[in-house]
Q: 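The structure is given below, and queries will be raised subsequently.
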Amino acid sequence: MSSNNDAQGEQLALIRESVRKAKAKAPRAKPRTWRGAELAGRLPVARVLVDKGPVHLDKLWDYAVPAELDEDARPGVRVRVRFGAGTRNVRDGRREGGGLLDGFIVDRVEESEYRGPLAAIAQVLSPEPVLGPRLLSLCRAVADRYAGSLADVLQLAVPPRHARIEAEPSPALLPPPKVPAAGSWERYPTGRAYLEALARGDAPRAVWTALPGPHWAEELARAAAAALASRRGALVVVPDGRAAARVDAALTGLLGEGRHVLLTADTGPEERYRRWLAVSRGSVRAVVGTRAAMFAPVRDLGFVAIWDDGDSSHSEQHAPQPHAREVLLLRAAQEKAAFLLGAFGCSVEAAQLVRTGWALPLAAERERIRAVAPLVRTVGDGDLARDEAARAARLPSLAWQTAREGLRHGPVLVQVPRRGYVPRLACERCREPARCGHCAGPLEARDGGTLHCGWCGTEARDWHCPECGGARLRAQVVGARRTAEELGRAFPAVPVRTSGRDHVLDTVPGTPALVVATPGAEPVAEGGYAAALLLDGWALLNLPDLRAGEEALRRWLAAAALVRGQEAGGRVVVVAEPTLRPVQALVRWDPAGHAVRELAEREELGFPPVSRMASVSGPPEAVAEFLALAELPPGADVLGPVPLPAAVAGRPRRPGDAPVGERWERALVRVRPGRGAALAAALKTAQAVRLTRREGAPVRLRMDPPDIG
DNA sequence: AGCACGCCGACT
DNA sequence: GTCGGCGTGCTC
């Protein structure tokens, strides 16, 4: 009988086990290392996180601490340990073979749970405790949140070592600064109260819709300074080096030198490590930097802030691709710190933080917004059709007039689309994006001319627009770059400056000039631009992305925020349909309202961030096997898999793309709100099982995939 | 990942 | 008897 067989099998297993135990000698409470080398008297067991190497299942390994390493082998230090099934000489427990791997001591304990002889720590690489308990638990939370391995996250969080820098002493900690004045925070009804709460040592959480203009950097600096004044630390994460330099300058103006550091990519590795160590050692308590700074081990963290969370550079490029906003949210929760998310726009995630009550909105009153924001006017299709001049010159009359008038008073910004975007299919008549009838994913044209859903792959035959009944689709591309050049020729007396991907200008003088820039590369003009022309409306709105509207609005607001207020004559012209929601939000300067409506719609359609999504990509068999194996949380929705676009010429390579020449598929898994953690855990488990069993090719996992059409 | 172990068939 | 295939499991 099968039960009999089972019993026999168990018995055999027991016998095998007891034989093995006999061979390995009886379990011992205290570790005994090879040749009875002397062990540390107290806490002779080190719990080690092995950093690189094979599929460690995110577990800790116990090692013996030799007496001579007792002093240095403190929690948090980097060590080298022998790891791997080497040749074991059972008689005296000596081990040979097995590779030396890097790791971190996480803890020192009296006894090991491990029933067997412990190997000894081979070397303490440095006595510097670089992985403290706070940083470790943050990294663990990030790994869990993103279905990634702890080792991957540690690689993002702990910079590589430079022995020479460690030998230098860090500067002495300066006394906390005085509580800063509220300054331009007074422009917000609750601004002063927010600052006072920080200075008092409270942990206020806010989503801040910043007024247009240059004050935001100063305001971030004041908030950080208020946290420092409460004897706590502060961390400010911004999207790029230019923004970081502005906050850095504001902090220096407020606090002088020595109370904060700037951590950005363009600091060399050694200087960067010097600054990181100063933070880790607690001699500097404030950090401003780009996304890698999100892990900076600030002591007694009292305040975290992120500027412009909608900017895609807040997404880490390396596995498991955590987003700075999410990491700072975890930090604020774990370390009970204040939280400030600021932007000219408002991401849907930010709106959700307000909706759930986790953060309070911090915004100016309507009247003040109207005063400091430029006057925004639109040019839609109807206007263009009626506009003879526009058809001839491919630029609407209103834009000409606005540029001409603006150039009499100062510089004029022209925002043009960047090359390399793929427009999304939309109804030709009403421009409603074409969506799948089954799962509401975006429709895409395949080579054969058929229409398919980009999420679930269902073919859409006989498509009709649900809004207006139209049956024709369009994916138009406008040549606005050329238009900008033409504009330059039309004003020969005026200098033309360009700022784009490879050549980004930081500032331009306040004298008349045409400044042509791609989104995100707009220079700041001294005294503000007199006017701005936003020529990329259609192109931005038709990016094949769920966030196209939000993203278009974000970029328009970022450009328009550099323009003088309407009371000072500031004017903006946007070439886009005035009936579209993001366009209306720009005209009314109401980003928060836009985000709230967008959030409601996402909720209705079951889109992220209201639902949570993950993508699973890899060779078709691997994706199928993975999905069959994974024990997804109840109610999980699997969309697809669909073929992934191979890396092709003409489109910039994206991180999610299949390797060249390989045919990959991608499935999306969607769960209800609140099930994100369970989804991540299920995916991580399935991945671990497949990797240890070596079942087929591994799949690539991505939580919150950014490019879901 | 390596590297052992172990349980099978084919050989000097 | 002994050598060696690779399937399974462990690495402190």
Side-chain angles (χ1 to χ4, degrees), chain A residues 5 8-37 39-40 43-67 69-70 73-75 77-125 131 136 148-152 154-155 319 622 625 629 685 687-700:
Chain A
N5 283 342
Q8 278 184 5
E10 267 174 46
Q11 204 151 2
L12 279 171
L14 271 173
I15 290 164
R16 270 201 295 276
E17 183 67 10
S18 60
V19 167
R20 183 179 304 154
K21 280 212 173 132
K23 275 204 246 172
K25 285 209 165 181
R28 56 185 65 80
K30 285 263 171 100
R32 194 206 62 171
T33 184
W34 73 98
R35 297 210 164 140
L39 290 180
L43 306 175
V45 176
R47 313 216 69 206
V48 173
L49 183 97
V50 176
D51 189 22
K52 295 189 195 85
V55 188
H56 51 71
L57 297 168
D58 270 10
K59 58 174 285 198
L60 300 177
W61 305 88
D62 290 351
Y63 283 83
V65 181
L69 297 181
D70 185 19
R74 288 177 295 165
V77 302
R78 299 183 222 244
V79 290
R80 311 200 83 185
V81 293
R82 219 163 264 291
F83 189 91
T87 311
R88 167 173 291 171
N89 182 333
V90 172
R91 190 159 301 144
D92 59 4
R94 180 170 39 170
R95 300 170 47 72
E96 290 130 23
L100 276 175
L101 291 178
D102 289 346
F104 298 91
I105 295 184
V106 158
D107 204 4
R108 288 275 300 267
V109 291
E110 202 59 52
E111 289 182 16
S112 172
E113 302 274 290
Y114 181 64
R115 327 264 71 186
L118 298 184
I121 286 172
Q123 188 187 355
V124 173
L125 284 170
L131 180 64
L136 175 65
S149 77
L150 183 54
D152 278 348
L154 286 179
Q155 205 144 17
E625 286 164 22
L629 179 78
T685 305
Q687 180 84 310
V689 167
R690 289 187 78 246
L691 284 171
T692 45
R693 287 191 203 153
R694 265 169 292 183
E695 290 178 350
V699 296
R700 203 178 286 172

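Quick note on labels: first sequence line is chain A, next is B, and so on, each numbered from 1.
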Q: Let me confirm one number: the CG-CG distance from A/Asp107 to A/Asp62, rounded to the nearest 0.5 Å.
A: 9.5 Å
Q: How long is the line joining CZ of A/Arg80 and P of C/dT11, in whole Å?
A: 22 Å
Q: Whole angstrom is fine here: how far is it from OH in A/Tyr63 over to P in C/dC12?
A: 5 Å
Q: What is the separation between atom NZ on A/Lys59 and atom C1' on C/dC10, rounded to the nearest whole Å?
A: 9 Å
Q: Among A/Ile105, A/Val124, A/Val79, whose side chain to side chain contact (heavy atoms under 4.5 Å, CB included) with A/Leu69 holds?
A: A/Val124
Q: Ring-on-base stacking between A/Trp61 and C/dC12, under 5.5 Å between centres and under 30° between planes: is it there?
A: no
Q: Nearest-Å distance, CZ (A/Arg690) to C1' (C/dG9)?
A: 18 Å
Q: Distance check needed: C/dT11 C1' versus A/Ile121 CD1, whole Å only.
A: 16 Å
Q: At what distance, to the nearest 0.5 angstrom, does CG of A/Asp70 lie from CG of A/Leu39?
A: 10.0 Å
Q: Starting at atom CZ of A/Phe83, determine the distance to atom P of C/dC10, rounded to an integer number of angstrom.
A: 13 Å
Q: Which whole-number value in Å describes the distance from A/Glu113 CD to C/dC12 C1'?
A: 13 Å
Q: Could you state the atom-to-atom distance from CZ of A/Arg82 to P of B/dA1 in whole Å?
A: 21 Å
Q: For the pair A/Gln687 (side chain) and A/Pro698 (backbone), establish whether a donor and an acceptor sit closer than 3.5 Å, ignoring hydrogens and angles.
A: no
